[in-house]
Amino acid sequence: IGTAVMTPTTNNSTSPSATMPATVPPTKRTPNDFIFGKVIGEGSFSTVYLTKDIHTQKEFAIKVCEKHYIIREKKTEYVKREKDILFYLSNTPFIVRLYYTFQDAERLYFVLSYAKNGELLPHINKVGSFDVECTKFYSGEILVALEYLHNMNVIHRDLKPENILLDENMHIMITDFGSAKMFKPPIDRNRARNGAGAGMNGCNDDDDDDEPRRRKNSFVGTAQYVSPELLTDKPVTPSSDLWAFGCIIYQMISGLPPFRSRSEYLMFQKITKLEYEFPSGFCDKARDLVEKLLVLDSEKRIGAKDSVRYTSIRSHPFYEDLDFDTLQQQTPPPIY
Ligand SMILES: Nc1ncnc2c1ncn2[C@@H]1O[C@H](COP(=O)(O)OP(=O)(O)OP(=O)(O)O)[C@@H](O)[C@H]1O
Ligand SMILES: O=C(O)[C@@H]1CCC(=O)N(CCc2ccc(Cl)cc2)[C@H]1c1ccccc1Cl
């Protein structure tokens, strides 16, 4: 898929038209251009504020990182990587947008689109679990987001409900690209002949030297959603995001992630041995899809051989009446 890149449709709210003047090109912003409001979140080395741009009254989330702490935690590469990937993904549907960055002596500032409805996870926990309608819609938006990401040769590697934010209209915005990785699309010479194509999940030669400094055998991503290949240091492919996608569908329907244990080590055991089960009453079509995503061999996951769009997943019976191409224009189903 790396070669045939889909051109993401930009939201036309910013494109100039005959009547509307072009938006003023952003001058270099400073903290004084924003009114800082309440704290809306805390990260391991960041604080996120709700802010308002004094020129446009527009609301933003500004993520503020303390430099001395980033340096002490040796996270400078991580921060730079997240910034570069977020700017590269700017204007991609269903991905949080990074508008500006600036700094002062002590801090780095990231001006992000504001997710007024916070993270997806509390919305699942509040109702216990999603009904099929909500699961189809929200997992559908995540799949389209993954199509864009993987078409732009980005693997998220830490996809989980906490990293799926909701805008004021309850559409998703995927965030937290600090663990993301650019992958080299496969040079697929014999595509024409055998048509098999390496698809979106061609793996890259694992030259990890551009990885931010990680302890050897440490993994990126969060325990519960991490794919088996990440745990066994196999080549990273977009298919790792399809594994997390399967875990998220399971969690939307059942209310809990498939692999659970008090100890991380036991959880890794369950993942690498595919030790999980479906609660009674789990929707059959969703179960069939999850079973085809939670496959240990990343190349055998449904969608692993697709290119441009995850057509094998889109055409799965679970999604039979979902229109993937108009999700952003649809009104999300109520969560209850
Ligand atoms: N664009 C946003 N809009 C609204 N809330 C946000 C936004 N970005 C982050 N948050 C909230 O702020 C909190 C901190 O986010 P941040 O990305 O700084 O750290 P994190 O990724 O959650 O933690 P870590 O840095 O350990 O990965 C998150 O819990 C999230 O809910
Ligand atoms: O890459 C960039 O856009 C600039 C380039 C110039 C610059 O000095 N910075 C800050 C680099 C940096 C990163 C981490 C720490 Cl702890 C300190 C400085 C970068 C920067 C500025 C603002 C916000 C983030 C970053 Cl990485």
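We count ligands from 1, going down the list as the structure has it; atoms in each ligand are counted the same way. Both backbone and side-chain heavy atoms feed into the values below; hydrogens, waters and symmetry mates do not.
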> Under 4.0 Å between a Lys/Arg side-chain N and an Asp/Glu carboxylate O for Asp84 and Arg81?
Replying inline: no
> With a cutoff of under 4.5 Å between side-chain heavy atoms, which Ile, Leu, Val, Met, Phe, Trp and Tyr residues group with Ile54?
Replying inline: Ile35
> Which other residues end up in the same hydrophobic cluster as Leu50, if Ile, Leu, Val, Met, Phe, Trp and Tyr are linked when side-chain heavy atoms come under 4.5 Å apart?
Replying inline: Ile40, Val48, Tyr114
Would you mind writing out a table of all protein N or O atoms found under 3.5 Å from any N or O atom of ligand 2, naming both atoms and giving the distance to 0.1 Å?
| unit_1 | atom_1 | unit_2 | atom_2 | d |
| --- | --- | --- | --- | --- |
| ligand 2 | 1 (O) | Lys83 | NZ | 3.2 |
| ligand 2 | 3 (O) | Lys83 | NZ | 3.4 |
| ligand 2 | 8 (O) | Gln103 | NE2 | 3.0 |

Quick check on ligand 1: any N or O pairs to the protein under 3.5 Å? One line per pair.
| unit_1 | atom_1 | unit_2 | atom_2 | d |
| --- | --- | --- | --- | --- |
| ligand 1 | 1 (N) | Ser113 | O | 2.8 |
| ligand 1 | 3 (N) | Ala115 | N | 3.0 |
| ligand 1 | 17 (O) | Lys63 | NZ | 3.1 |
| ligand 1 | 18 (O) | Ser46 | OG | 2.6 |
| ligand 1 | 21 (O) | Asp176 | OD2 | 3.0 |
| ligand 1 | 25 (O) | Ser44 | N | 3.3 |
| ligand 1 | 25 (O) | Ser44 | OG | 3.2 |
| ligand 1 | 26 (O) | Ser44 | N | 3.3 |
| ligand 1 | 26 (O) | Ser44 | OG | 2.8 |
| ligand 1 | 27 (O) | Asp176 | OD2 | 3.4 |
| ligand 1 | 29 (O) | Glu119 | OE2 | 2.8 |
| ligand 1 | 31 (O) | Glu119 | OE2 | 2.7 |

> Is it true that Lys28 and Asp33 make a salt bridge, defined as a side-chain N closer than 4.0 Å to a carboxylate O?
Replying inline: no
> Between Arg287 and Glu277, is there a salt bridge with N-O shorter than 4.0 Å?
Replying inline: no
> What orientation do Tyr109 and Phe36 show, parallel under 30°, tilted 30 to 60°, or perpendicular over 60°?
Replying inline: perpendicular
>> Which label fits Tyr310 and His150: parallel for a plane angle under 30°, tilted from 30 to 60°, or perpendicular past 60°?
In response: perpendicular
> Are any of the side-chain nitrogens in Glu320 or Lys136 under 4.0 Å away from the carboxylate oxygens of its partner?
Replying inline: no
> Between Glu106 and His68, does any side-chain donor sit less than 3.5 Å from a side-chain acceptor?
Replying inline: no
